[in-house]
Amino acid sequence: GKVGINETNPTASLHVVNSNAIGESIAIFEALSAKNGYVYINGDDNRRKSLVFQSGGVDKFSMGVGDSDELSESTFFIGAGKGGGSNADFVITSAGNVGIGTTGPARLLSIGDGTGSPNIQLLASPAGNSRIEFGDTDDSDVGEIQYVHGSNNYMQFTTNGSERMRINSSGYVGIGT
């Protein structure tokens, strides 16, 4: 059977409709007395389990875990519409690899699927700096590529903790100066 809350013709096993009289929350799940709180979505091993977000009855975004015929069942996804599966825009695999624009990330972070021209943007304030740092467990920022915004506008390359090369806004290159 189907259960409807504020709905006389439920279209799912549980169909809840918010009324203006009770505020904007549809459901609240609360764990008390220092307990963890869990909400489970369980289904067949080879089927997708996901939350779908709609606006005006149109599927806008979904998130969940894959199914055996599109994504690994242990792959988390976010996608447009009910996309998910092979159309996911963002995935995290069971190995911890993150894919943006790819459903099969081969590295800790993979961007793009080999088609088109993916871009990465680091957007700073007009007086801020944009940087990529390289490090290891002994030194978390031993190398970096940094763009310094503001009146100077230059790109700086650092190795072993010291600036080694700079390209200024006129295109001049300074090495070891």
_Approximate separation, where rounding is to 0.5 Å, of Lys2 NZ and Asn9 CG_ = 9.5 Å
*Would you please test Asn160 and Val142 for side chain to side chain contact (heavy atoms under 4.5 Å, CB included) and show each step?*
CA-CA 5 Å; Asn160 201 26; Val142 70; 3.8 Å; yes
*Any link between Val98 and Ile120 through a network of hydrophobic side chains (Ile, Leu, Val, Met, Phe, Trp, Tyr) touching at under 4.5 Å?*
yes
*Could you state the interatomic distance from CG (Asn153) to CD1 (Ile167), rounded to the nearest 0.5 Å?*
13.0 Å
_Tyr154 side, atom OH; Gln156 side, atom CD - distance, nearest 0.5 Å_ = 5.0 Å
*Asn36 and Ala31: which non-hydrogen atoms are nearest, and at how many Å?*
O-CB, 3.5 Å
*List the atom of Ala88, the atom of Phe77, and the distance in Å for their closest heavy-atom pair.*
CB-CB, 3.7 Å
*Yes or no on side chain to side chain contact (heavy atoms under 4.5 Å, CB included) for Val173 and Met165, after CA distance, side-chain angles and deciding distance?*
CA-CA 7 Å; Val173 177; Met165 184 172 78; 3.9 Å; yes
*What are the two closest non-hydrogen atoms of Ser110 and Pro105, and how far apart are they?*
OG-CA, 3.5 Å
_Polar side chain donor-acceptor pair, Ser130 to His149, under 3.5 angstrom_ = yes
*Going through the distances and angles, do Ile5 and Leu14 end up as a side chain to side chain contact (heavy atoms under 4.5 Å, CB included)?*
CA-CA 8 Å; Ile5 299 175; Leu14 176 61; 4.2 Å; yes
_With a 4.5 Å cut-off on side-chain heavy-atom distances among I, L, V, M, F, W and Y, is there a chain of contacts connecting Ile92 to Ile41?_
yes
*Would a distance-only check, ignoring hydrogens and angles, find a side-chain to backbone donor-acceptor pair under 3.5 Å from Asp59 to Gly81?*
no
*To the nearest 0.5 Å, how far apart are OG1 in Thr102 and CG in Asp89?*
11.5 Å
*Taking only residues two or more places apart in sequence, or in another chain, which ones meet Asp44 in a side chain to side chain contact (heavy atoms under 4.5 Å, CB included)?*
Asn46, Arg47
*asked:* Using 0.5 Å steps for rounding, measure from the CG atom of Asn168 to the CE atom of Met155.
replied: 12.0 Å
_Non-hydrogen atoms of Asn42 and Lys49 that approach each other most closely_ = C-CG, 4.2 Å
_Nearest-0.5 Å distance that lies between atom OH in Tyr147 and atom CG in Asn129_ = 10.5 Å
_Leu122 with Phe157, same ILVMFWY side-chain cluster at under 4.5 Å_ = yes
_Restricting to non-hydrogen atoms, name the atom on Lys82 and the atom on Arg48 that form the minimum distance, rounded to 0.1 Å._
O-NH1, 3.2 Å
_Audit row: Phe134, Ile145, side chain to side chain contact (heavy atoms under 4.5 Å, CB included) steps and yes/no_ = CA-CA 9 Å; Phe134 304 90; Ile145 301 170; 4.0 Å; yes
*More than 12 heavy atoms of other residues, nucleotides or ligands under 6.0 Å from CZ of Phe90: is that the case?*
yes
*Out of curiosity, does Met63 fall in the hydrophobic cluster containing Ile100 (side-chain heavy atoms, cut-off under 4.5 Å, transitive links)?*
yes
